[in-house]
Amino acid sequence: MPIAKWKIKGIVDDYDTCGCCGRRGLKRTVALMPLDADGNEDGTPEDVAYYGTSCAATALGWTQGKVTDTARAAQAEQNQRDNYARRMISIYAPVEFAPVRDKARVYYGRNPHQRTRGVKASEEVAKLLDEARATLADTTTGPARPSRIEDFRRYLVIFTSDERILLVHSLPEEEAECQEQTAAAQRRANQIRCTVRIVAALDAEAARDVAYADELTREWNTKAWQAAHA
Ligand SMILES: [Zn+2]
């Protein structure tokens with residue numbers, strides 16, 4: 001079996017030309033990152049090659065089926081990293097420029113063991129945000145994903161009386177419509193003894209995290225959304 005000189009990074013739906021044979025109109029291509037002699041990734045997104053599955057199979061000495069399966073798995077991993085990055089940004093970007101004390105309360109509130117280990121909250125928040133932004137800015141398998149507070153959307157989250165999430169609903173941009181939907185949800189929630197929280201986040205998954213977060217995190221979340229839409 002030939003030694004792989006490439007690592008499959010994912011599947012690309014919006015790039016339809018094989019970088020190996022030049023064939024056009026492909027349904028998808030796979031993103032291939034060159035590897036150095038020791039098998040480490042050797043390059044930046046600009047060095048990534050996009051091959052059709054058949055040329056990728058030849059280049060790697062694999063079957064097309066293995067190429068497709070590996071590419072799907074790599075893409076699923078990338079999507080998970082994106083989801084995690086959106087959660088980190090939705091939680092921490094609003095406190096990025098908050099007073100150190102608030103930042104520390106938010107961070108240690110979520111990571112209580114880090115305090116005893118002497119991990120500095122400010123440094124850790126900065127690091128988490130850097131990594132999350134880099135993840136979403138990575139264009140290996142598609143265009144950069146939104147990552148700013150300005151990209152947050154508002155979500156209405158309904159909690160049951162035992163603090164489980166019953167429903168997450170994205171609210172419209174338009175203010176009057178948004179208030180109308182919120183009021184309607186509030187009425188319905190009261191009837192079934194549920195509570196409503198409005199949070200801002202990069203997606204619905206991240207909105208769940210923000211909704212579950214402590215009061216201080218949610219306060220800063222609201223402030224950040226308001227500042228971005230003032
Ligand atoms: Zn080709």
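Along the sequence shown, residues carry numbers from 1. Order of listing sets the numbers, starting from 1, for every ligand and every atom in it.
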Tell me how many protein N, O or S atoms are closer than 2.8 Å to the Zn ion (ligand 1). 3

Do other residues, nucleotides or ligands put more than 12 heavy atoms under 6.0 Å from the CZ atom of R81? yes

Crowding at CD, E215 (>12 non-hydrogen neighbours, <6.0 Å): no

List, by chain and then residue number, the residues other than I198 in its hydrophobic cluster (Ile/Leu/Val/Met/Phe/Trp/Tyr, side-chain heavy atoms under 4.5 Å); write none if there are no others. L156, I158, L166, L167, L171, I192, V196

By the rule that ILVMFWY residues connect when side-chain heavy atoms come within less than 4.5 angstrom, directly or transitively, which residues belong alongside V12? Y15, M33, V48, Y50

Keeping to residues at least two apart or across chains, list the ring-ring contact (aromatic ring centres under 6.0 Å, His included) pairs with something in residues 156-207. F159-Y212

Value rounded to 0.5 Å, distance of CD in E124 from CG in N111: 7.5 Å

